[in-house]
Amino acid sequence: MSAKILIVAEHDGKKLNPSTAKCVTCARTLAGAQVTVAVLAAEAAPVASQAAQLSGVDRVVTVENPANLHALAAVLAPQVVALAAPFDIVLGPSTTFGKDLMARVAGLLEAPQVSDIMAIESAGRFRRPIYAGNAILTVEKAGEGKVVGTVRIASFEAAASGNSAAPIEKSTVSVTLPTHTRFISVSAAKSDRPDLQTAARVVSGGRALGSADGFKILYSLADRMGAAVGASRAAVDAGYAPNEMQVGQTGKIISPELYVAVGISGAIQHLTGIKDARTIVAINKDGEAPIFEVADFGLVGDLFQIIPEIERLIS
Amino acid sequence: MKRILVGIKRVVDYNVRIRVRPDGSGVVTDGVKMSINPFDEIALEEALRIKERGGAEEVVVATVGPADCQQQLRTALAMGADRALHVQADGVLEPLTVARALLQLIEREQPLLVILGKQAIDDDNGQTGQVLAALWNRPQATYASKLELTGETARVTREVDAGLETLEIDLPAVITTDLRLNEPRYVKLPDIMKAKKKPLDTFTLAALGVEPRQQLKLVRFEPPPQRQKGIRVKDAAELVDALKKKGLL
Ligand SMILES: Cc1cc2nc3c(=O)[nH]c(=O)nc-3n(C[C@H](O)[C@H](O)[C@H](O)COP(=O)(O)OP(=O)(O)OC[C@H]3O[C@@H](n4cnc5c(N)ncnc54)[C@H](O)[C@@H]3O)c2cc1C
Ligand SMILES: Nc1ncnc2c1ncn2[C@@H]1O[C@H](COP(=O)(O)O)[C@@H](O)[C@H]1O
């Protein structure tokens, strides 16, 4: 029997987040899976058409409601539950959007949730990291019923956007939505740099950068390389970089082609976030720093000399 | 009484290097240092600060787990919690079971606010707060980095992928903590003595009417794949060359 999988799309009202295309790839690893993407929005059309183009998507369902303008888990969850009835597996991305929402969906369904799925072995069997990635656990659904999951997006490539489009169906769900949760604001720091979570190259700075001003040499190098900029928790806590730049266990888990760690010691919680990077470069003045144990290329020295030099060499 | 309920989980201390048992049945926990889940310490700290500002009258900590968990409840009492509740339970406890037990405690205690950690650093599930809010049919504000109570509502700043999001929620509600919400205080020695006299009530899951169900079987634990050790380059020029050769620059 082929599994029916529902994926809850992440979007900002206009653009589909790349995390959704990664969920599609994850779902598609299950042979014969039927993949439906749900778009809950105030106006679903633009996002729904992007979802329909993803290769591997069989069907898109939309639920339009003014209350869906901002993604509030308490508002979206009952709608997802209403859509979920015919499905075996309900997936969302393991981003702050998906983690917040899917567990509430699991709670309403009283279904088990598998967090941070890194592999689907069968319709009821999954692999996921625990202990900050220091162990990998295989779990299996024990009884009948649905499984809810969040997909560890660093483990999957994004499904390509093809030319053919899956059918889009409008759905109306009749559930009363709570008003106890109200959106006030979001500080979306606008930047022209690539998105940290999907960038092919990332340059990250740690406590050693010393100040927000110190980070400027990284921005400059990153722009030269077409890279996104990340930071360690120590750098964020010290106010050198905004929190959305944090990489690691409690920040973003990323899988770029190239990760350059600058003045970062390589604490286990930081390494959790970069394990899937294809190539890791470490620049640190302490030759004993743990970051060198995972680095493909290590350079011992003072970052304030090395970074401008690299920039010169690639200009 | 204005009360805050804080969920406390006993976990392997975050400084411990985790080792998977050779037979794949779990991770080594014998003789390993155990602590309060770091996010739960932050949850407790926030509750204590709210109380100290006059926003609540009582802070109650609760844990679901085996007898050993009382050590962490005592630590929480030493940090400043007024009372502790221990729901005795053995074996694998899934978020749904924990949330059902916490919901029973909520019905008894009628808290204004429930604060949990955003995730337990052992199972890394990150589910219990949201599951509890769903069962309770109340608001949730996860990944909080700032919390302001204003009478019947709370304003919560959340750490989301895009940056910082602010929500307004009606109380009572469930909050889950992110690391930057606060920095927990250290426990002082005299407080450890005082904590021994504070009330700690125990329950069983059965007495609360909660049946522990395991919906996910734990099949196998494995160590993660190791990265290959790389090479040292001598200067920036050698690094740039190496990266160019790999097509990365
Ligand atoms: C529950 C929990 C979750 C956490 N989550 C995260 C997370 O998600 N992400 C994260 O990053 N951390 C996280 N941490 C924090 C983590 O443990 C470390 O404290 C943090 O990663 C250290 O950051 P850092 O490497 O920038 O600073 P440090 O450890 O202070 O390292 C600075 C490095 O810079 C080097 N240096 C100094 N000056 C120079 C110079 N001029 N040139 C070159 N090198 C120089 C030093 O040799 C040193 O190695 C978490 C901690 C806990 C407890
Ligand atoms: N057994 C438990 N007892 C009390 N609180 C718990 C327990 N398990 C989880 N929690 C709370 O729920 C949060 C999230 O846990 P988890 O969903 O397991 O990642 C933790 O930070 C705790 O605050």
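Letters go in sequence order (proteins before strands), and every chain restarts at 1.
Separating the OG1 atom in A/Thr181 from the CD atom in B/Gln140 is a distance of 7.5 Å, to the nearest 0.5 Å. Taking CG of B/Asp161 as the start and CD of A/Gln197 as the end, the distance is 4.5 Å to the nearest 0.5 Å. Atoms CD and OG1, on B/Glu159 and A/Thr250 in that order, are 8.0 Å from each other to the nearest 0.5 Å. To the nearest 0.5 Å, the span separating CD on A/Glu293 from CZ on B/Arg227 amounts to 13.0 Å. The structure places CD1 of A/Ile268 at 8.5 Å from CD1 of B/Ile18, a figure rounded to the nearest 0.5 Å. Residue A/Tyr131 holds its OH atom at 8.0 Å from CG of B/Asp123, rounded to the nearest 0.5 Å.
Applying a 4.5 Å heavy-atom cutoff, the residues of residues 230-239 of chain B that approach chain A are B/Gly230, B/Ile231, B/Arg232, B/Val233, B/Lys234, B/Asp235, B/Ala236, B/Ala237, B/Leu239. At a heavy-atom separation below 4.5 angstrom, chain B is approached by A/Lys252, A/Glu257, A/Leu258 within residues 252-262 of chain A.
For A/Leu196, no part lies under 4.5 angstrom from a heavy atom of chain B. Interface remark: B/Val160 contributes backbone and side-chain atoms alike to the contact with chain A (heavy atom separation under 4.5 Å). The contact between A/Ile280 and chain B is made by backbone and side chain atoms together, counting heavy-atom distances below 4.5 Å. Only the side chain of B/Val12 comes within less than 4.5 Å of a heavy atom of chain A; its backbone N, CA, C and O stay farther away. For A/Arg312, no part lies under 4.5 angstrom from a heavy atom of chain B. Proximity to chain B is limited to the side chain of A/Gln246, based on heavy atoms less than 4.5 angstrom apart. Heavy atoms of A/Asp195 lying under 4.5 Å from chain B are absent altogether. With a 4.5 Å cut-off on non-hydrogen atoms, A/Ala295 touches chain B through its backbone but not through its side chain. For chain B, the nearby parts of A/Phe292 are the backbone and the side chain; heavy atoms of each come within less than 4.5 Å. If you measure heavy-atom distances from B/Leu135 to chain A, the contacts under 4.5 Å come from the side chain alone. Using a 4.5 Å cut-off between heavy atoms, A/Ala111 touches chain B through its backbone atoms (N, CA, C, O) alone. For B/Tyr14, the parts sitting under 4.5 Å from any heavy atom of chain A are the backbone and the side chain alike. Contact of A/Val281 with chain B is made through the side chain alone, with heavy-atom distances under 4.5 Å. For A/Arg224, no part lies under 4.5 angstrom from a heavy atom of chain B. Only the side chain of B/Tyr143 comes within less than 4.5 Å of a heavy atom of chain A; its backbone N, CA, C and O stay farther away. For B/Arg158, the part sitting under 4.5 Å from any heavy atom of chain A is the side chain, from C-beta outward, and nothing else.
With hydrogens and angles left out, the side-chain atoms of A/Ser185 and B/Glu165 include no donor and acceptor closer than 3.5 Å. Judged by distance alone, the side chains of A/Arg104 and B/Gln127 never bring a donor and an acceptor atom under 3.5 Å apart.
Counting only heavy atoms from C-beta outward, the side chains of A/Ile130 and B/Asp122 never approach each other to under 4.5 Å. Proximity of A/Lys99 to B/Thr142: side-chain heavy atoms (C-beta onward) are nowhere separated by under 4.5 Å. Under the 4.5 Å side-chain criterion, counting only non-hydrogen atoms from C-beta, A/Ile184 is in contact with B/Arg155. Side chains of B/Asn125 and A/Arg128 form a contact here, defined as non-hydrogen atoms less than 4.5 Å apart. Contact of the B/Lys217 side chain with the A/Val139 side chain is not registered, since no non-hydrogen atoms from C-beta on lie closer than 4.5 Å. With a 4.5 Å cut-off on side-chain heavy atoms, A/Gln113 and B/Val131 do not count as touching. Using a 4.5 Å cut-off on side-chain heavy atoms (C-beta onward), B/Arg100 and A/Glu110 make contact.
With A/His180 as the fixed residue, the side-chain contact (heavy atoms from CB on, under 4.5 Å) test singles out one of B/Ile169, B/Asp170, B/Leu171, B/Thr153: B/Asp170.
A/Ala103 approaches B/Gly126 most closely through the heavy-atom pair CB-O, 4.3 Å. In this structure, B/Pro224 and A/Gly133 approach most closely via the heavy-atom pair CG-O, 3.3 Å. The minimum heavy-atom distance linking B/Leu248 with A/Arg201 is given by the pair O-NE, 3.1 Å.
Put simply, the side chain of A/Ser187 gets close to the backbone of B/Leu164: a donor and an acceptor are under 3.5 Å apart. Listed for the B/Glu222 side chain is no donor-acceptor partner under 3.5 Å among the backbone atoms of A/Thr138.
Of the residues considered (B/Leu218, B/Leu249, B/Leu179), B/Leu179 shows the highest number of contacts with chain A, using heavy-atom pairs under 4.5 Å. With chain A as partner, the option from B/Arg17, B/Gln226, B/Gln214, B/Arg138 having the largest number of non-hydrogen pairs under 4.5 angstrom is B/Arg138.
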- Item | CA sep, side-chain torsions, deciding dist, call: B/Asp124, A/Gln249, side chain to side chain contact (heavy atoms under 4.5 Å, CB included) | CA-CA 10 Å; B/Asp124 282 334; A/Gln249 182 188 8; 3.9 Å; yes
- Query: Would B/Arg180 and A/Val236 count as a side chain to side chain contact (heavy atoms under 4.5 Å, CB included) if you check the C-alpha gap in whole Å, the side-chain angles of each, and the deciding distance to 0.1 Å?
  - Reply: CA-CA 10 Å; B/Arg180 270 177 285 274; A/Val236 174; 3.2 Å; yes
- Which is it for A/Val186 and B/Thr166 under the side chain to side chain contact (heavy atoms under 4.5 Å, CB included) test, yes or no, and what are the steps along the way? CA-CA 6 Å; A/Val186 68; B/Thr166 305; over 6 Å; no
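Contact check on A/Glu140 versus B/Arg220 returns no salt bridge, with no Lys/Arg side-chain nitrogen under 4.0 Å from an Asp/Glu carboxylate oxygen. At a threshold of 4.0 Å, the pair A/Asp296-B/Lys246 does not count as salt-bridged, since none of the basic side-chain nitrogens sits closer than that to a carboxylate oxygen.
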